[in-house]
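Right, one structure below, let's go through it.
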Amino acid sequence: MDKNKIKRKYNEKIRNLVKLNKYYYDLSKPLVNDHEYDQIKEEILSLEKKYIFLESENSPSKIVGFKPSKTFKKVSHRVPMLSLSNAFSEEDLINFEKKINNFLGQKSSNQLEYSAEPKIDGISASLTYQKGKFVMGLSRGDGKEGEDITQNLKTINDIPKEILIKDFPTDIDVRGEVFIGNKDFEKIKDKFANPRNAASGSLRQKNPNDTKKIPLKFIAYTFGYEKGMKAKKQNEYLKKLEEWGFKTNPFNKTLQGVQNLMTNYYELEKKRGEIDFDIDGIVYKIDNFDLQKRLGNVANSPRWAIAHKFSANKGVSKILNIDIQVGRTGALTPVAKINPINIGGVVVSNATLHNEDEIIRKDIRINDTVVVERAGDVIPHVVSVDTKKRRKESKKFIFPKKCPCGYETIKEYNKITKKFDAVRRCPDRGFDCDRMAKERLKHFVSKEGFNIEGFGKKIVENFWDLKLIRLPQDIFNLNYKKIESLDGWGKQSVANLRYSIDEKKNISFEKFVYALGIRHIGFENAKLIAKTLKNPEKFLNLSKENKIDDLLNIDGIGETQITSLKKFFSNKTNLKVIQDLQKILNIKKIKENKNDGVFSEKIFMFTGKLTGMSRAEAKSLIEKNSGTIISNVSKKLDYLIIGEKPTKRKIEAAKELKIKIIDQSGLNKLLDKSS
Ligand code: IVH
């Protein structure tokens with residue numbers, strides 16, 4: 001058979017499969033039985049094996065396991081599902097404990113009580129029980145909004161469907177991890193890349209019967225919303241979970257102080273291979289719920305918990321070449337292309353060399369034999385060079401002074417450290433540097449930015465190469481006809497893409513600011529800016545009205561951010577990007593806060609050290625009561641709160657403006673009124 005004939009035959013089979021999928025997943029009206037369906041899939045796979053030139057995005061080889069359906073209802077979590085920050089060493093844990101003690105205004109030697117729970121590498125789920133009945137189960141989603149996967153969760157034996165025990169809360173979201181045991185995974189491993197994928201794929205099936213085929217397990221470990229819960233500590237809650245019929249992790253422990261956490265960590269790391277599920281570390285949670293409440297959250301993770309990742313895995317390989325990658329902010333990062341090696345189950349072929357100084361310090365050269373380390377989710381990096389294995393003719397690596405875009409690079413001078421940066425940068429010229437522009441587009445569509453389904457980094461690369469996109473606004477003016485004619489695309493996939501892009505034309509103000517990728521404006525700063533300006537129009541007018549300096553009043557925004565914003569707004573292309581986007585998008589205004597706390601519309605500022613409470617805790621208390629904190633004395637200020645050793649200049653300035661000056665007991669009095 002000639003090549004074209006084979007291709008035609010193959011494409012026909014793929015079209016047939018797409019049709020069957022549509023009837024099965026989207027319309028829930030299967031055209032063939034499971035056996036026939038599997039046979040069609042097999043035929044496609046065996047054709048691909050025989051003729052390597054065959055390829056299709058709709059092939060079962062591209063879609064790992066079952067095709068996940070996109071039609072689940074989205075539901076908001078009553079309490080957001082947060083993520084955890086990571087610790088990799090004893091030092092990280094000591095710092096973690098120190099920070100907590102600081103926040104709580106306790107001595108740093110105070111040894112805290114923790115619940116230490118193995119961190120299962122699965123998929124988290126939130127199960128709502130009302131009056132004892134399992135009424136709804138959600139996936140984590142983006143943490144704020146999950147997908148309603150109730151029917152699929154119901155197929156899991158470990159999840160109780162009804163709990164008739166007296167002290168079970170009347171309304172509660174029980175949260176935990178859905179996973180697949182390693183032994184069970186063995187049986188289906190040719191269908192999925194790893195156990196985590198298997199769990200995730202099967203949880204997102206349209207048809208619960210497909211979920212049922214995979215032996216999923218569930219371990220409970222926390223809760224979201226609750227009404228009627230009596231437990232005062234995490235370890236009490238874990239015990240209760242068992243009484244109520246949930247499975248909990250048999251290796252959970254309650255421990256005090258960092259030393260004991262370390263001992264437990266080493267013990268568990270040794271046992272890791274014998275346990276029937278994958279664990280990638282240990283989660284430590286402050287055991288006492290009252291303390292957890294006081295500690296609250298930072299950004300997306302609680303202050304009261306941390307994930308201690310298992311130690312790095314290392315391997316030896318050879319550097320084949322050194323590539324220079326350019327990041328979104330122009331930083332030139334050298335990356336070693338290495339002979340692929342398997343480190344802890346992951347094939348590694350790139351390892352970062354961080355920056356020019358690091359290469360000089362370690363004298364890293366092409367063809368060197370090096371030790372590469374991969375720790376948790378962190379990008380693998382080169383740890384050391386085996387100079388004994390180096391050939392005589394080996395030459396030092398000369399770091400390029402030019403960006404691959406052709407522009408001269410610079411090393412910035414840091415006013416605070418009085419040193420030049422280790423990082424070499426392509427100076428920010430808006431979207432002029434091809435490399436930076438591409439990275440900025442990737443950032444634009446990233447998860448915390450526009451998060452356009454089906455429009456990831458690969459598509460950015462692909463569309464960039466095809467000159468379909470150059471600036472963010474191009475994403476909303478794509479030539480869909482052209483895309484439809486591209487290899488691997490079809491009518492349906494283009495329609496899906498169009499739908500997900502159009503869907504994101506409604507965007508929150510903070511996501512919009514973040515997505516622009518302004519240097520030093522991460523998600524937290526973007527939120528602060530949006531919250532302060534409220535109206536997106538004002539953002540565009542910042543530069544016109546010379547108002548950027550006003551942002552310095554926001555607690556959390558400093559000189560670095562202001563300088564960066566000024567630079568951003570001084571670039572014509574950047575301004576055009578914002579103007580064009582504002583025409584295309586519906587950027588949502590920030591709604592006025594309910595502002596019903598006692599400090600509504602009141603503005604505070606601190607100077608000096610507080611006692612028994614850190615400034616961070618005081619800040620979060622004031623914000624909980626709808627107050628605002630600023631960092632400079634101005635007319636707007638209502639109260640200047642003074643602690644130990646205040647800055648005299650600030651007090652003088654406040655006096656001049658006739659601002660109320662109170663000490664900590666004054667603040668406490670105000671707060672007492674609020675509770
Ligand atoms: S508590 C706010 N406990 O780790 C606390 N999480 O990065 C977050 N995980 O998405 C959840 N074992 O999937 C908690 N014993 C445990 C856990 C655990 C695994 C996962 C969970 C979460 C992720 C946080």
Side-chain angles (χ1 to χ4, degrees), residues 77-88 92 96 100 114-127 137-147 149 153 156 158 172-181 194-197 199-200 203-204 216-226 231 233-242 246-255 261 264-265 268 272 275-289 291-310 375-378 447-448:
H77 292 294
R78 296 192 284 187
V79 170
M81 286 180 89
L82 303 175
S83 48
L84 294 170
S85 43
N86 290 328
F88 295 99
D92 290 348
F96 171 68
I100 292 182
Y114 301 96
S115 173
E117 306 164 17
K119 184 170 182 294
I120 300 180
D121 195 13
I123 301 296
S124 49
S126 183
L127 319 172
L138 303 179
S139 66
R140 181 175 186 275
D142 62 3
K144 289 196 188 100
E145 203 178 52
E147 286 174 317
I149 47 167
L153 288 166
I156 301 176
D158 291 346
I172 184 170
D173 301 331
V174 173
R175 291 177 176 173
E177 206 79 357
V178 177
F179 62 100
I180 179 167
N194 55 42
R196 191 172 187 276
N197 251 348
S200 141
L203 261 187
R204 297 192 73 252
L216 294 174
K217 294 189 167 124
F218 181 77
I219 272 188
Y221 51 65
T222 190
F223 56 87
Y225 176 89
E226 60 76 21
K233 288 178 170 186
Q234 171 71 3
N235 80 69
E236 288 169 21
Y237 174 66
L238 290 171
K239 269 183 221 126
K240 281 287 164 208
L241 280 170
E242 278 182 39
F246 291 94
K247 298 253 163 63
T248 59
N249 200 307
F251 299 98
N252 287 343
K253 285 210 170 115
T254 316
L255 299 166
L261 297 186
N264 178 57
Y265 175 83
L268 201 63
R272 199 176 163 193
I275 307 175
D276 189 43
F277 40 80
D278 282 348
I279 51 178
D280 55 355
I282 310 179
V283 182
Y284 303 130
K285 303 172 185 170
I286 292 290
D287 198 36
N288 185 312
F289 286 157
L291 289 184
Q292 286 188 5
K293 229 187 225 148
R294 275 181 68 188
L295 286 161
N297 309 323
V298 240
N300 266 332
S301 46
R303 258 192 211 95
W304 46 266
I306 200 159
H308 190 184
K309 293 297 187 84
F310 282 130
D377 315 325
V378 182
K447 206 157 179 200
E448 280 182 305

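Quick note: numbers below take in every heavy atom, side chains included, and nothing from hydrogens, waters or symmetry partners. Atoms within each ligand, like the ligands themselves, are counted from 1 in listed order.
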Identity and separation of the nearest protein heavy atom to [atom]:
atom: atom 4 (O) of ligand 1; result: Lys119 CE, 3.2 Å
atom: atom 5 (C) of ligand 1; result: Leu84 CD2, 3.8 Å
atom: atom 14 (C) of ligand 1; result: Tyr221 CE1, 3.1 Å

Counting each atom of ligand 1 from 1 as listed, which ones have a heavy atom of [X] under 4.0 Å away?
X: Ser124; result: 10 (O), 13 (O)
X: Pro302; result: 2 (C)
X: Glu117; result: 3 (N), 15 (N), 16 (C)

Under 4.0 Å from ligand 1, counting heavy atoms only, is it the side chain of [X], its backbone, both or neither?
X: Ile120; answer: backbone
X: Met81; answer: neither
X: Lys285; answer: side chain

### Query
Taking only residues two or more places apart in sequence, or in another chain, which ones meet Asp158 in a side chain to side chain contact (heavy atoms under 4.5 Å, CB included)?
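Result, side chain to side chain contact (heavy atoms under 4.5 Å, CB included) vs Asp158: Ile156, Lys217, Phe218, Lys247.
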
### Task
Kindly write out the residues that satisfy salt bridge (Lys or Arg N to Asp or Glu O under 4.0 Å) with Asp142, not counting sequence neighbours, or none if the list is empty.
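Asp142 satisfies salt bridge (Lys or Arg N to Asp or Glu O under 4.0 Å) with no residue once adjacent residues are dropped.
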
### Task
Report yes if some heavy atom in the side chain of Arg204 is under 4.5 Å from a heavy atom in the side chain of Glu147; otherwise report no.
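Yes, side chains in contact.
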
### Query
If we only count heavy atoms from C-beta on, is the Leu127 to Arg175 side-chain gap below 4.5 Å?
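Side chain of Leu127 against side chain of Arg175, heavy atoms only: no contact under 4.5 Å found.
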
### Criterion salt bridge (Lys or Arg N to Asp or Glu O under 4.0 Å) on Arg78 and Asp173, from CA distance to verdict
CA-CA 9 Å; Arg78 296 192 284 187; Asp173 301 331; 2.8 Å; yes

### Task
Before signing off on this row, confirm whether Val283 and ligand 1 have an N or O atom pair separated by under 3.5 Å.
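By distance alone, the answer is no.
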
